[in-house]
Structure formats: C-alpha cells, structure tokens
Visitor: 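Here it is, the structure in full.
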Amino acid sequence: MRASDHRPGRTTPPRPLDVESLFPDLAAHRRTATRLHPRPGTPGPHDSHVGGPMLWPADEPWPVCTTPHRRATGPGPLPLVALAQLHARDVPDLPAGPDGCDLLQVFWCPFDAHGPTGYGMYTHLRWRRSAEVHEPAAELPAPGAVGFDGYLPEPCVLHPERITEYPYIELLTGELGAAVEEWEDAQEEAAHEAEEEAEDDGDEPWLPTYQCDLSVAPGWKVGGHAAWNLTGPGTMDCEACGCPMELLLTVATTEWQSDRTSWIPLEDGPMSPTGVVVGNHGKLNVFACPRDPSHPHGFSVQ
C-alpha cells in the first residue's frame, strides 16, 4: 500500500463562479491539472512524494552538480538534492515519459551558482520505468554542503487531486481577453467600493477575480496552465525542435497566498508544508516538449 492510500485526501472548494458561463469561449482553453497537496509525512521509496527517499537502482550513480560552488567545502562534484518523485499511477496529469517511462524524479542543486548570471538554479529531471528497479539502493547520498536551506524539502506525502484551470489572464487575447479584463476591472472596483462602505462595521468584503480565483491554481501541481506573475507571459519553446512546450510541474514556495484563499483545501490550509523556497518566495515552472518527452526541459522562476 502506498503512503498516500490510507491518508485523508484534500479537496479544493468549488470555484466561486462558473467562469465558462461568464465567458463561454474559455472552454476552448480549459485544461486539467493535478494539485499535489504535499503534507508532512513519512513517504517510502515506492511512493510519490516531496523530499522522500527515491526509488533508485543500487548500481546507478547518483546525479551530481559539477559547477564550482564557492561556499562548498571539499573537492569533487556535489550530490544533488532529491526534491520530488512522481508516479504516473498517482498523478493523472503526469504525461508519459520517454519510451513509456512512468516515474519522474526531480533533483536540484542546493546552491544558487548557475546559468549566465552565476546566481541561477540548477534542476535535473530523470525519467525511468519503476518496474525495472529490481534492487533499490539501501542508502542514498546526503546533500552535503548546502547554500540555502530552502533547497532542502521536508518529507511530504501527496494527496493528488484533479482540477480544472484556465490561462493566465495576460495570455488571453482578442475579444475574449478584452472581456475578461473589463470584468476583472469591474470586480476590483466593486470590491474597493464595498471596502469603503464596510469600514465602520469592520467587515472585509471579497469578490472573486479571474486572476486569483478562476484561472490558475497556486501550490505544487502537475500540468495545467503556468502563472507568469513575475516576468509576464513569455514563450517557452523546445530548444530541440521548436515546438511550444507545455507545463509539466510547478514547484511552489507556498500552497496558497493571501489573495488566493479560495483555493485552500476544505480539510486544511498549511501555507508552506514542504519548507521549499523558490527564488523570492515564488515558484518554479518546469516545461516539457509534447512532441518528444526526451527533449530538454524548460524552466522559469516566477
């Protein structure tokens, strides 16, 4: 039995409005996503998890970072930190990996010392067939030197839940984009007026908005639409074939934010169960090529 099988699930509350009834053209842009809902626990190597032990062959070298790290002590490559492990059996929106692989393993380096600036992240993904790991490693490498504690995840079990998402607001174009923007502005203006009227009685008025409540879910998830709140919408094309890439995984600092409380699960609402911190308390979006999953992944910190 997997660790997640005997634990209570997590349920996203129904959206406060039926967005497709407001904007029927959004139906063409509808996507499913799987919220992972990581919660502290004791996952095993055969489970889907964040920060738990990997299902790793005993005879396979552990992935390492070869970039020099000024703050690291000792010579040689630095073992990567095991960030997450996702089985296709547990995560409905996890696409098939290359050659039918059903297990995605995610690692990263615990130092900001990569890329053109020398201060970027390094994330490594490994696909494999879980049934082919006949002799799992009994012990896995410790991370060793760590440049930032936010790279060390707390062990968490997952409570996958499939939801529906719609595009980030700035990606909507034409008449649909204009209509959503106009409605969004009206909602914000109405909320502001209600706030002024409610100052005497202390109530805090709330009206749902497309951006915060009806489009992209916060937190750890697989699939769906990407949020571009830091850089604004950008293109993410496969460097191998030029095909537009699709969102594979979102690694998030928090499961929800103060302006997105409608996404808090009915059962509970811890903001940062994994202890992971991405950038300036943001998120890492990982993209994959839908044409060929063996092509290099794309990354964007938001």
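Only a predicted model underlies this, so the values are computations on that prediction, with no experimental measurement involved. All residue numbers refer to positions in the sequence shown, counting from 1.
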Visitor: Are V216 and V19 connected in a single hydrophobic cluster, I mean Ile/Leu/Val/Met/Phe/Trp/Tyr linked by side-chain heavy atoms less than 4.5 Å apart?
Guide: no
Visitor: Check whether the ring centres of Y122 and W108 lie less than 6.0 Å apart, and answer yes or no.
Guide: no
Visitor: From L207 CG over to C212 SG, what is the distance, rounded to the nearest 0.5 angstrom?
Guide: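 Between L207 CG and C212 SG, I get 12.0 Å after rounding to 0.5 Å.
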Visitor: Does the cation-pi check pass for R15 over W263, that is, NZ or CZ under 6.0 Å from the six-membered ring centre and within 45° of its axis?
Guide: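 So R15 does make the cation-pi contact.
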Visitor: Assess whether a salt bridge exists between K221 and D93, defined as any Lys/Arg side-chain N lying under 4.0 Å from an Asp/Glu carboxylate O.
Guide: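 No.
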Visitor: Is the H69-F111 ring centre distance short of 6.0 angstrom?
Guide: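 Between H69 and F111, the centre distance is under 6.0 Å.
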Visitor: Looking at SG of C65 and NE2 of H114, how far apart are the two atoms once the value is rounded to the nearest 0.5 Å?
Guide: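 If we round to the nearest 0.5 Å, C65:SG and H114:NE2 are 3.0 Å apart.
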Visitor: Assign the ring pair F299 / H297 to parallel, tilted or perpendicular, where the plane angle (0 to 90°) is split at 30° and 60°.
Guide: tilted
Visitor: Should H225 and S215 count as side-chain neighbours, where that means a heavy-atom distance under 4.5 Å?
Guide: no
Visitor: When rounded to the nearest 0.5 angstrom, what is the spacing between CG in L36 and CD in E255?
Guide: 8.0 Å
Visitor: For H29 and R31: C-alpha separation, side-chain torsions, deciding distance, then whether side-chain hydrogen bond (donor to acceptor under 3.5 Å, both in side chains) applies.
Guide: CA-CA 6 Å; H29 304 279; R31 288 183 184 174; over 6 Å; no
Visitor: Are the side chains of L158 and L86 in contact, using a 4.5 Å heavy-atom criterion?
Guide: yes
Visitor: What are the two closest heavy atoms between L247 and G223, and how far apart are they?
Guide: CD2-O, 3.4 Å
Visitor: Does any N or O in the side chain of H87 come within less than 3.5 Å of the main-chain N or O of L103, such that one atom is a donor and the other an acceptor?
Guide: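 Judged by distance alone, no pair lies under 3.5 Å.
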Visitor: Would you call L26 and Y210 a side-chain contact if the rule is heavy atoms closer than 4.5 Å?
Guide: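 Counting from C-beta outward, L26 and Y210 do come under 4.5 Å.
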Visitor: Kindly compute the distance separating CE (M121) from SG (C109), expressed to the nearest 0.5 Å.
Guide: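 One finds 10.0 Å between CE of M121 and SG of C109.
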Visitor: Are R89 and D102 close enough for a salt bridge, meaning some N to O gap below 4.0 Å?
Guide: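 Looking at D102 together with R89, the answer is no, because their closest N to O distance does not fall below 4.0 Å.
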Visitor: Could you grab the distance from atom CG of L214 to atom CD of E165, nearest 0.5 Å is fine?
Guide: 12.0 Å
Visitor: Please give me the minimum heavy-atom distance between A137 and L140, naming the atom from each residue.
Guide: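 Where A137 meets L140 most closely, the heavy atoms are CB-CD2, 3.8 Å.
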Visitor: Whether the D112 and Y151 side chains hold a donor-acceptor pair (N or O, under 3.5 Å, no angle test) is what I'd like checked.
Guide: yes
Visitor: Is there side-chain contact between V81 and L83, with heavy atoms separated by less than 4.5 Å?
Guide: no
Visitor: Do E170 and W228 make a side-chain contact, defined as non-hydrogen atoms from C-beta onward lying under 4.5 Å apart?
Guide: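 Heavy-atom side-chain distance check fails, nothing below 4.5 Å.
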Visitor: Is the closest side-chain heavy-atom distance between T12 and R35 below 4.5 Å?
Guide: yes
Visitor: Could you tell me the separation between the CZ atom of F287 and the CG atom of D237, rounded to the nearest 0.5 Å?
Guide: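 Answer rounded to 0.5 Å: 10.5 Å.
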Visitor: Check this for me: does any side-chain nitrogen of one of E154 and R39 sit under 4.0 Å from a carboxylate oxygen of the other?
Guide: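 No salt bridge links E154 with R39.
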Visitor: Test D268 against R10 for side-chain contact (heavy atoms from CB on, under 4.5 Å), laying out the working first.
Guide: CA-CA 8 Å; D268 65 13; R10 296 298 184 273; 3.0 Å; yes
Visitor: Under a 3.5 Å cutoff, is there a donor and acceptor pairing between the side chains of Q302 and S300?
Guide: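 Result is yes, a qualifying pair exists.
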Visitor: Decide yes or no on side-chain contact (heavy atoms from CB on, under 4.5 Å) for T250 and L284, but give the supporting numbers first.
Guide: CA-CA 6 Å; T250 296; L284 170 66; over 6 Å; no
Visitor: Looking only at heavy atoms, which two atoms of A27 and E20 are closest? And how far apart?
Guide: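 Closest approach of A27 to E20, heavy atoms only: CB-OE1, 3.4 Å.
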